[in-house]
Amino acid sequence: MADQLSGAGLAAASDIPSLDRLLNAEALRPALATHGRTQVVAALRRDLEALRKRALDGGVPRHELDAAAVAARTSAALDQAAQPRLRAVYNLTGTVLHTNLGRALLPDEAVASVLRALTTPANLEFDLDTGGRGDRDDLIDDLLCELTGAEAATVVNNNAAAVLLMLNALADRREVVVSRGELVEIGGAFRIPDIMKRAGAKLVEVGTTNRTHAADYENAIGPRTAMLMKVHCSNYAVTGFTKSVGVADVAALAHARGLPATVDLGSGTLVDLTQFGLPKEDTVRETIAAGADLVTFSGDKLLGGPQAGLLVGRADLIRKIKKNPLKRALRVGKLTLAALEPVLQLYRAPEFLAQRLTTLRLLTRPMRDIQPQAERLRGMLAHAAGRSYAVEAVPMFSQIGSGALPIDQLPSYGLAVRYAGSGRPGRHLDRLETLLRRLPVPVIGRIADDALWLDLRCLEDRDEAAFAAQLAEPLA
Ligand SMILES: *Cc1c(COP(=O)(O)O)cnc(C)c1O
């Protein structure tokens, strides 16, 4: 440092080049071509201002004033600012439908359809048979009916919106009976009691946290009751001394009093998952067949589609819902519909589903693919992490995520990284986790039990080479 200063000397504020001179300098050409004059001028002003301050405070090494040095800093700052905020990451958390990492990944058919909808006009609300105005729900409601056995269907922005809309349209200023065991909070501030309030409906809680009986529902029905509602206990399980009343019984109770029974099914799968070796989850069709008059569910959980809230059920109730002004406020855009339609189409051919529907392909990815992959990548990660860490290929459990089947876990395989030095491992694991998170395509794992766990279930074979390339050099 001292050598450098004595060689070049310190510059004074008066030595700082002018903005105009820099803008005409050869060295700034690439930045101007990439980022445009507006941004380059703003970045140069910031750089020159910082130089001026330092010069007045005691001096700046002269070489920092060279046009090339200014250009390098300016380009670096502008390149950094131009980095997309929404970035691709590797989800090695072991949670397949990870809400914070964007839930379901769309199959290629859906991606192509979205691309088309983005770049060409489409018959979003235009009836190609008559040339008249159409309804955007027409694009998917027959498919939803076919796949669920419902009479009618509509779609909004997400399942929280579907529940809000359903309650406001059918229970405004009236009472909705829900079991205390089902007053759930889903991550991201979705709480049944709060949604109920916002919808203008009055919640009538029945039963206790662990036990609710048919008589509890029956006794709660009065002149102001609008519906009986069931909510899927998506993200927790009540076990032990428990009792709940199934959809069929709640529906029978409701129907005996001329009321609708509704179900917030949460994940809402359209197929029996046991045929793919996955745990049992009530399907939308089964719920409708059991007597539910209206069912709401998410588009981007087990369904494997885009973020959306689907409502299916009795035609008169769906009609009422579609007339509610909130429907207009909560409606989906064309990109959602463009993505949803091909995903629903895939369900028409269940024999190909586990291959073509990305979510299901990940959930059913066989151990014979995951384990060798862990063994292939183990040495690479060990080398990249360095000698302070020990990396093992080990069995572990993935989770479905997004509230689906909270207690069932899927056998998987991956890498467990432990600190190999002496002392407490926490800080060292945090450091490695940070280094992985700072890679060009961040790698997201999880720290638990004094190890960093990278579950490889969601690293499909076609992504492995790019993943490995990032680990070719030591991380630090
Ligand atoms: C996930 C979930 C919701 C919220 O659905 P979003 O599509 O995230 O809005 C509501 N209810 C239940 C039971 C859920 O599992």
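For this chain, numbers begin at 1 and follow the sequence in order. Both counts, for ligands and for their atoms, begin at 1 and track the order of listing.
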Show which atoms of ligand 1 fall inside a sub-4.0 Å distance from at least one heavy-atom site of Lys301. 1 (C), 2 (C), 3 (C), 5 (O), 14 (C), 15 (O)
Among Gly266, Ser298, Cys233, Ala161, which one has a heavy atom closest to atom 7 (O) of ligand 1? Ser298
Which residue, Arg328, Arg319, Lys322, Arg331, forms the salt bridge (Lys or Arg N to Asp or Glu O under 4.0 Å) with Asp135? Lys322
So which bit of Gln307 gets within less than 4.0 Å of ligand 1, heavy atoms only: side chain, backbone, both or neither? neither
Sidechain N-carboxylate O distance under 4.0 Å for Arg376, Glu464: yes
Below 4.0 angstrom, N of the basic side chain to O of the carboxylate: do Glu175 and Arg224 qualify? no
Is ligand 1 under 4.0 Å from a heavy atom in the side chain of Glu182, in the backbone, in both, or in neither? neither
In ligand 1, which numbered atoms sit nearer than 4.0 Å to a non-hydrogen atom of His232? 13 (C)
Lys/Arg cation over aromatic Phe241: Arg211, 6.0 Å, 45° cone: yes
Mind checking whether Ala308 has an N or O less than 3.5 Å away from an N or O of ligand 1? no
Numbered in order shown, the ligand 1 atoms found under 4.0 Å of a heavy atom of Arg103 are 6 (P), 7 (O), 8 (O)
Would you say Ser267 has any N or O atom under 3.5 Å from an N or O of ligand 1, going by distance alone? no
I'd like to know if the side chain of Arg378 reaches the main chain of Glu392, judged simply by a donor and an acceptor atom lying under 3.5 Å from each other, with no hydrogens or angles considered. no
With no hydrogens and no angle check, is any side-chain donor or acceptor of His98 less than 3.5 Å from a backbone partner on Asn100? yes
Once you measure the plane-to-plane angle for His428 and Tyr419, does it fall in the parallel (<30°), tilted (30-60°) or perpendicular (>60°) bin? parallel
Considering distance alone, does some N or O of Asp300 sit under 3.5 Å from an N or O of ligand 1? no
